[in-house]
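Counting starts at 1 for both ligands and their atoms, in listed order. Computed over heavy atoms, backbone and side chain alike; hydrogens, waters and symmetry mates excluded. Index from 1, following the sequence. Just so we're clear, the structure is a prediction, and the values are computed from it rather than from any experiment.
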Amino acid sequence: MFLFSIGADAYVRDLFRPFEAEGIELGRISSAAHEQYRIYLESGECEAVPAGRLRWEEALPAVGDWIAARRVDPNLVWMEAVLPRRTQFSRQAAGAAISEQVLAANIDLALIVCGLDGDFNLRRLERYLVLAKESGAQAVIVLNKLDLCQNYSARIAAVEEIAPGTPVLAISAQQSVQPLETLVRGRTVVLLGSSGAGKSTIVNGLMSDQSQLTQPVRASDSRGRHTTTSRMLLPLPEGGAIIDTPGMRELQLWATEGSLDQVFEEIANLAERCKFGDCSHTNEPGCAVRTALETGGLDPSRWESYRKLQREVRRHQDPAGLKKEWKAIHKAMRHHPKYNRK
Ligand code: GDP
Ligand code: ZN
């Protein structure tokens, strides 16, 4: 019953079936830090160690993963297999090689939290939307601190314009998180958003306890402080779970151009109408993007945001692409009059 309450539905049980055997249990990772794992089992929480095979295959589990676990001790299990993931949030792993590090798995819903105060920033929202799209989780935008904002209807409208199809909710988490309660029930949820946006306040409200203590915001920059707890998957009182890891809070962009084009759908549509298939939207004739920019059909700041994210995505995904970018810069420099003085 406990595992069911944190997401072990029929789908997960089906995934587990091939692993079912004497001594093997289903579990879900509750925390993962520095290769120290804890896991929820039907019977409670205990320590977990990846079996050698998982290390070998570099298929190390992340918070939220469903695991086929073998108990070796009352307080310890071996993780024999990671069940296939439904969704995942990743970032670029530290180190020289460009590789993907999974930070959280099997998330149903990403709450993108943004303050309606000094934190309000459409470009940052776009960034989180791309991340959520890439993960496979459903995104909902939560505009918080409604109590601090005079012109909130204009801000809500601006958000709806950049996020067509994404639900937008405005709340004052300090007063009540009730508008979120039915949304999160029975689902695995992450909160994305900058520091001070109100994520801990929302988590507290949904957990209705004091597991995460917040401190007063510094007036100058809307930032708050956050006290982290070691457990990262928090069961919700009415079913479902919140995954809250320090790493998720400063997620680097790990995404593909496909998700970028879905979030910036109007730009992708324009680009399809350019005369040349490989149009760079700089100075080609018949460029629908440039035309839209010149005639007011496309907001220049939206275009800039798209370009910026695109550069970032390409840098992470394709080191060769980066090389190409530099080649172009060097070429431009060689032809620049300043470098061509005889
Ligand atoms: P986090 O960094 O995203 O986890 O943000 P916190 O939850 O720590 O909140 C940062 C600060 O904003 C804290 O001082 C909260 O009390 C405050 N805060 C959160 N929600 C609201 C709200 O709806 N209205 C107001 N006025 N302040 C809020
Ligand atoms: Zn073009």
Side-chain angles (χ1 to χ4, degrees), residues 110-121 124-125 127-128 140-152 155-156 168-181 189-229 232 234 242-251 257 261 264 266-295 297-298 300 302-304 306-307 310:
L111 296 179
I112 302 175
V113 184
C114 173
L116 280 162
D117 57 348
D119 181 50
F120 187 77
N121 184 324
R124 202 185 310 119
L125 280 176
R127 199 188 162 80
Y128 284 122
V140 170
I141 295 175
V142 179
L143 299 175
N144 188 33
K145 309 195 189 184
L146 192 55
D147 55 304
L148 294 183
C149 184
Q150 308 294 328
N151 58 338
Y152 58 83
R155 293 199 155 166
I156 294 169
V168 179
L169 288 169
I171 64 166
S172 178
Q174 225 169 33
Q175 281 152 25
S176 168
V177 295
Q178 205 250 325
L180 301 177
E181 275 166 7
V189 181
V190 289
L191 291 95
L192 305 175
S194 55
S195 168
K199 297 181 298 298
S200 311
T201 309
I202 292 172
V203 172
N204 283 343
L206 292 172
M207 302 289 295
S208 37
D209 69 14
Q210 291 298 307
S211 61
Q212 304 221 321
L213 302 170
T214 56
Q215 287 171 12
V217 69
R218 291 200 300 270
S220 57
D221 60 3
S222 320
R223 270 170 216 273
R225 285 221 194 80
H226 177 254
T227 340
T228 50
T229 55
M232 298 160 174
L234 310 164
I242 291 180
I243 292 187
D244 187 20
T245 81
M248 292 290 296
R249 289 172 177 252
E250 61 246 17
L251 208 57
E257 293 203 61
D261 283 348
F264 291 82
E266 84 278 26
I267 293 178
N269 288 342
L270 280 171
E272 266 176 24
R273 302 214 311 264
C274 291
K275 187 170 169 197
F276 299 107
D278 62 348
C279 186
S280 68
H281 321 305
T282 48
N283 47 24
E284 290 89 342
C287 172
V289 172
R290 298 249 54 107
T291 307
L293 281 168
E294 279 151 25
T295 58
L298 175 61
R302 178 108 169 133
W303 171 241
E304 221 167 89
Y306 173 82
R307 292 295 263 197
Q310 188 182 48

Determine whether [X] and [Y] make a side-chain contact, defined as any pair of heavy atoms from C-beta on separated by less than 4.5 Å.
| X | Y | result |
| --- | --- | --- |
| F276 | C287 | no |
| W303 | H281 | yes |
| R155 | L143 | no |
| I171 | I202 | yes |

Please determine if [X] has a nitrogen or oxygen closer than 3.5 Å to a nitrogen or oxygen of ligand 1.
| X | result |
| --- | --- |
| G196 | yes |
| A197 | yes |
| G198 | yes |

Mind checking whether D117 contacts ligand 1 via backbone (N, CA, C, O), side chain (CB onward), both or neither, at a 4.0 Å heavy-atom cut-off?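 Near ligand 1, D117 shows nothing, with every heavy atom at 4.0 Å or more.
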Side chain, backbone, both or neither: which part of D147 has a heavy atom under 4.0 Å from ligand 1?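 Within the 4.0 Å criterion, D147 contacts ligand 1 through side-chain atoms alone.
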Approximate separation, where rounding is to 0.5 Å, of [X] [atom1] and [Y] [atom2]:
| X | Y | atom1 | atom2 | value |
| --- | --- | --- | --- | --- |
| D117 | C149 | CG | SG | 8.5 Å |
| L293 | I267 | CG | CD1 | 8.0 Å |
| L148 | S172 | CG | OG | 7.0 Å |
| S194 | R127 | OG | CZ | 11.5 Å |

D119 and salt bridge (Lys or Arg N to Asp or Glu O under 4.0 Å): which single residue from R124, K145, K199 fits?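 In the set R124, K145, K199, the residue that makes a salt bridge (Lys or Arg N to Asp or Glu O under 4.0 Å) with D119 is R124.
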Interfacing atoms of ligand 1 (cut-off 4.0 Å, heavy-atom, [X]):
| X | result |
| --- | --- |
| L148 | 26 (N) |
| S172 | 22 (C), 23 (O), 24 (N) |
| S194 | 3 (O) |

Could you pull out, from K199, Q174, Q175, the option with a heavy atom nearest to atom 28 (C) of ligand 1?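 That would be Q174.
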Identity of the nearest option to atom 4 (O) of ligand 1, non-hydrogen atoms only, from S195, C149, A170, S200: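 Among S195, C149, A170, S200, the closest heavy atom to atom 4 (O) of ligand 1 belongs to S200.
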Looking only at heavy atoms, what is the nearest atom pair of A173 and V177, with distance?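 Looking at all heavy atoms of both residues, the shortest contact is O-CG1, 4.0 Å.
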Side chains of Y306 and D261 only: does a donor on one sit below 3.5 Å from an acceptor on the other?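 Short answer, yes.
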Excluding waters, which protein N, O or S atoms are within less than 2.8 Å of the Zn ion (ligand 2)?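 Result, waters dropped: C274 SG, C279 SG, H281 ND1, C287 SG.
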